[in-house]
Amino acid sequence: QVQLVESGGGLVQPGGSLRLSCAASRNIFSFNYMGWYRQAPGEQRELVARRGRFGSPYYSDSVKGRFTISRDNAKNTVNLQMNSVKPEDTAVYYCNAGDTSGGDHWGQGTLVTVSS
């Protein structure tokens, strides 16, 4: 089975920065795409950022200009750099990967709390 292991969540002040990481158990180039979702209390899980092997990354309107998704193929890791965070960014963040064959994989989630 594919394993995705997230790290980097925690407490951060509004306006601060946080970096989330997702380590995959296989070469991330084997995935059609990798990305990040989040789910806040009382809300549906939403796509935050995603990028494929090629092309430009996708960002939701709520995080565009503040968050950056990046990947390190050598380390089989995808990161989410979160800058200028807001209280409404508080959520459980999930790493997600899609296979070229159509499989969908999820990490366990990591909690990000933005509070002063």
Under a single-linkage definition using a 4.5 Å side-chain heavy-atom cutoff for Ile, Leu, Val, Met, Phe, Trp and Tyr, are I69 and V92 assigned to the same hydrophobic cluster? no
Nearest heavy-atom approach of S116 to P14 is N-CD, 3.6 Å
Heavy-atom side-chain contact between L20 and M82 under 4.5 Å: yes
Hey, what do you get for CZ (F31) to CG (D99), rounding to the nearest 0.5 Å? 6.0 Å
Out of the candidates I28, N32, N73, only one should pair with R53 under the side chain to side chain contact (heavy atoms under 4.5 Å, CB included) rule; please name it. N32
Which heavy-atom pair separates S30 from R26 by the least distance, and what is that distance? OG-NE, 2.8 Å
d(D89 CG, S84 OG) to nearest 0.5 Å is 9.5 Å
Just checking, is any N or O donor in the side chain of R38 or S60 under 3.5 Å from an acceptor N or O on the other one? no
Y33 six-ring face occupied by R50 cation (under 6.0 Å, within 45°): yes
Can you confirm whether more than 12 heavy atoms, excluding those of Q3, are under 6.0 Å from its CD atom? no
Under 4.5 Å between side-chain heavy atoms, hopping through other hydrophobics if needed: is there a path connecting Y94 to V78? no
I'd like to know if the side chain of N79 pairs up with that of Q81 as donor and acceptor (distance under 3.5 Å, no hydrogens or angles considered). no
side-chain contact (heavy atoms from CB on, under 4.5 Å) between K75 and S21, worked out: CA-CA 11 Å; K75 297 181 179 180; S21 295; over 6 Å; no
In this structure, would V114 and L80 fall into the same cluster of hydrophobic residues linked by side-chain contacts under 4.5 Å? yes
Using salt bridge (Lys or Arg N to Asp or Glu O under 4.0 Å), reason through K64 and D61 one step at a time and then give a plain yes or no. CA-CA 5 Å; K64 191 174 298 182; D61 289 341; 3.6 Å; yes
For F54 versus F29, what's the shortest heavy-atom pair and its separation? CZ-CZ, 3.9 Å
When hydrophobic residues are tied together by side-chain contacts of less than 4.5 Å, even through go-betweens, does L111 share a cluster with W106? yes
C95 and M34: which non-hydrogen atoms are nearest, and at how many Å? SG-CE, 4.1 Å
Taking every non-hydrogen atom, the tightest pair across E6 and G107: OE1-C, 3.3 Å
Does the R71 side chain pair with the main chain of G52, one donor and one acceptor, at a distance under 3.5 Å? yes
W36-Y58 co-clustered via ILVMFWY side chain contacts under 4.5 Å: no
What pair of heavy atoms forms the shortest contact from A24 to L4, and how long is it? CB-CD2, 3.8 Å
Apply side-chain contact (heavy atoms from CB on, under 4.5 Å) to the pair S115 and L11, showing each step before the final yes or no. CA-CA 7 Å; S115 176; L11 177 65; 4.1 Å; yes
